[in-house]
Amino acid sequence: MELRRRTFIGAGAAAAATLSAPMVMGQARPRVVVVGGGSGGATAARYLAQDSEGALDVTLIEPQRVYYTCYFSNLYIGGFQEMDALGHTYGKLASDFGVNVVHDWAVGVDNDARTVALASGGSVPYDRLVLSPGIDFVDGSVPGWDVTAQDAMPHAYKGGTQAVLLKAQIEAMPEGGTYCMVAPPNPFRCPPGPYERISMVAHLLTQINPTAKILIVDPKEKFSKQGLFEEGWNNHYAGMVERIGPDFGAANVSVNPDAMEVDIDGTVESVDVCNVIPAMKAGRICEMAGVTDGNWAPVRPENMQSRIDPNITVLGDASQQGDMPKSGFSANSQAKVAANAIRGELTGSRVFPARYSNTCWSLISTEDGVKVGAAYEPADDKISSVSSFISQTGEDAELRKQTYEESLGWYEGITTDMFG
Amino acid sequence: MRGPALSLALAALTAPALWAEEIGDVERGQEAFVLCSGCHLVGAGVEEFEMLGPHLNGIYGRRAGSVEGYAYSEGLDRMGSDGLFWTLETLDAYIENPTVLVSGTRMNFDGVPDAEERADILAYLRLYSDNPRDIPEAEPTALPTDPELRLPPEVLAIEGDAEWGEFLAGECLTCHLEAGGNEGIPSIVAWPEDLFVIAMHAYRRGLRPNPTMQMMTERLSDEEIAALAAYFAQLE
Ligand SMILES: Cc1cc2nc3c(=O)[nH]c(=O)nc-3n(C[C@H](O)[C@H](O)[C@H](O)COP(=O)(O)OP(=O)(O)OC[C@H]3O[C@@H](n4cnc5c(N)ncnc54)[C@H](O)[C@@H]3O)c2cc1C
């Protein structure tokens, strides 16, 4: 048997062009609809279509034509990446793998009729639905901030324009000005993300505005890779970064976007840039599909199937699965397990035991990369960590450079894995 | 943090320095060094001379791939950056079969199959090293050639289930490119299956230092490694 990855000729592109009208129910090929073409959704759509070799009808619903990764958006802020290099399109998912790509918003799910409603009208029927919509923000988690304030106080926690805006604001800061980050409470997407961002903002400011200050208002006692980040900030950006934790009132913070003020437990600070990263919850479509319990969508650890509706699978940030951090790597890993399980269920193909992993790299300064990773398996009715590693403080420059170079390889790897 | 690096470092702090005689027979080692001397020099002042291979002075505790000005293979270079240091254990593994530690190594040498002969060579090289760092604690005659560490022929003979390999490969493709390519993370496609298996076991045994790959291989069974080797061997 020839085992090269198969190329799916032609059909996808044609299907993508014609599929905007609702499809007819009752056709022979089982239908899988994937909502959200990010780390989890693009991967799931690709693997479902590729591995089923045409036995499944796979539709991906994603409003954006270009997906800008959040990963490496901090490196864009630091000046190590161009924004253009972080954009990816869906052309190959259609042409090479035969995925029907529909650029639209999913605005509702009828769990009994098994259809997904589209913003443009019409609906798409499914036998299995995969939701990987990422995150939305919890209203009121930082009093004074809501999404209408995201131009004045950007979150830059979804891909693309927000990171561009934040960088422009930092570049326009007055000499010696203050950048403030309101960090999110647990759980949130990419645990080291805010702190990698601090590193990259510091790197940028060191070059263009060396007397500027960085203030982190953080409701958490401690954070991911803390020792590594603090060591790096001391080594590279001494005196620039100040962090206020919950013991000094950081859990009681509100903002005033018009006045550019941050109120920390009664003390009002005027700042020049305010990067508010609010509390997070599953992307709204999960709530509409009725698969959330609280802020997140609980799933089974063997296959990411919703605990509430067995016809729905939830991947990535939106899911509540156990020990895995909310990361692009995790979402990609979960998507492959889920694709194998769904394919087995619908076409009778072999189903293998679930196995997950994650590694998150962070860049602290030029060629100073660190990483943390773990392997996971279903155990105790959740996804449980079975082993892990983390970079050590005091590592030499050669190893840190190697770690950074690995992260470039990983970026190439995961985006190719998602988009072909 | 897991295993090997830490325990070796601790051993280096606590173990008494190992003398050459405790490793093997220095005189026999000097004779056996003819296997190496076509490419390597060792001894006072040899740093000046250019040979096919790097000089071996101070090899114990030396970082792999660290002789200034010597053009190493990409693989050895990467191992060094990853934190591979030459110890009794890693040297023994490298000269037994150079590809175990370094895929694509420029050391074009089949290796020394006989454990005692390797021990003698390593005892001889020890004379030119005053830095016993990382030499694991050992009885005078104990050698790192713990038979458990060697890959038994049965393991290499396992026929891989490529379809299973295809599923397992999903986990690898988050980092490694299906089409090959070598930007930051090495290509693993179209390898001879035995070299692939040997490399994977070297991570699993902690001989290769990269913690990500150690973690990835730790939970793979011999059959799974064979399945992956079979699958990736067929990609171009
Ligand atoms: C600054 C930053 C740095 C990061 N760095 C890393 C890193 O180095 N490594 C790492 O692994 N992860 C990193 N992450 C985390 C990573 O981006 C996310 O965890 C990952 O993208 C989650 O994948 P997902 O599929 O759940 O959601 P996403 O990738 O966000 O994809 C969701 C998609 O769904 C679409 N969508 C949402 N709602 C609907 C709807 N109703 N209908 C149709 N489509 C919809 C959206 O348009 C989006 O394209 C980082 C995140 C940030 C913010």
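Below, chain A is the first sequence line, B the second, and so on; all start at residue 1. Not measured: the values here are computed from a predicted model.
Heavy-atom minimum distance, S387(A) versus E218(B): OG-OE1, 3.2 Å. Contact record, C175(B) with F329(A): SG-CE1, 3.9 Å, taken as the closest heavy-atom pair. Scanning all heavy atoms of the two residues, the minimum distance from T174(B) to D417(A) falls at N-OD2, 4.1 Å.
In this structure, no portion of K401(A) lies under 4.5 Å from any heavy atom of chain B. Proximity to chain A (any heavy atom under 4.5 Å) is restricted, for N210(B), to the side chain, taken from C-beta onward. Within the 4.5 angstrom heavy-atom criterion, atoms from both the backbone and the side chain of R78(B) approach chain A. Using a 4.5 Å cut-off between heavy atoms, E171(B) contacts chain A through both its backbone and its side chain. Neither the backbone nor the side chain of R400(A) comes within contact range of chain B; no heavy atom of the residue lies under 4.5 Å from a heavy atom of that chain. For Y356(A), the part lying near chain B is the backbone, with the side chain staying farther off; criterion is any non-hydrogen pair under 4.5 Å.
The main-chain N or O of Y376(A) is found under 3.5 Å from a side-chain atom of R219(B) such that the two form a donor-acceptor pair.
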message = Please determine whether side chain to side chain contact (heavy atoms under 4.5 Å, CB included) holds for the pair T359(A) and M216(B), giving the CA-CA distance in whole Å, both sets of side-chain angles, and the decisive distance to 0.1 Å.
response = CA-CA 10 Å; T359(A) 298; M216(B) 296 307 301; 5.8 Å; no
message = Using the rule given for side chain to side chain contact (heavy atoms under 4.5 Å, CB included), can you reason through L173(B) versus Y47(A), listing the C-alpha separation, both sets of side-chain angles and the distance that settles it, and then say yes or no?
response = CA-CA 12 Å; L173(B) 296 176; Y47(A) 275 78; 3.6 Å; yes
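The line from CG of D77(B) to CD of Q402(A) is 8.0 Å long, rounded to the nearest 0.5 Å. To the nearest 0.5 angstrom, D161(B) atom CG is 6.5 Å from F352(A) atom CZ. For the atom pair I185(B) CD1 and W410(A) CH2, the distance stands at 9.5 Å (nearest 0.5 Å).
Contact count versus chain B (heavy atoms, under 4.5 Å) is highest, among V386(A), T403(A), N332(A), for N332(A). Annotation: maximal heavy-atom pairing with chain B below 4.5 Å, among A374(A), S333(A), A339(A), G328(A), occurs at A374(A). With chain B as the partner, the residue from T415(A), V337(A), D396(A) showing the most heavy-atom pairs under 4.5 Å is D396(A). Contact count versus chain B (heavy atoms, under 4.5 Å) is highest, among S357(A), A335(A), A397(A), G373(A), for S357(A). Between chain B and the options K336(A), R355(A), E412(A), the largest number of non-hydrogen pairs under 4.5 Å is found for R355(A). The choice from G184(B), A179(B), G181(B) that makes the most heavy-atom pairs within less than 4.5 Å of chain A is G184(B).
Under a cut-off of 6.0 angstrom, the local environment of CD in E50(B) is sparse, with at most 12 non-hydrogen atoms contributed by other residues, nucleotides or ligands. Heavy atoms of other residues, nucleotides or ligands lying less than 6.0 angstrom from CD of E398(A) number more than 12. For E82(A), the CD atom sits in a loose shell: 12 or fewer heavy atoms of surrounding residues, nucleotides or ligands are nearer than 6.0 Å. For K92(A), the NZ atom is loosely surrounded, since the number of other residues' heavy atoms within 6.0 Å does not exceed 12. Heavy-atom neighbours of E183(B) CD from other residues, nucleotides or ligands within 6.0 Å: at or below the threshold of 12.
Judged purely by distance below 3.5 Å, without hydrogens or angles, the side chains of T416(A) and E178(B) never pair a donor atom with an acceptor atom.
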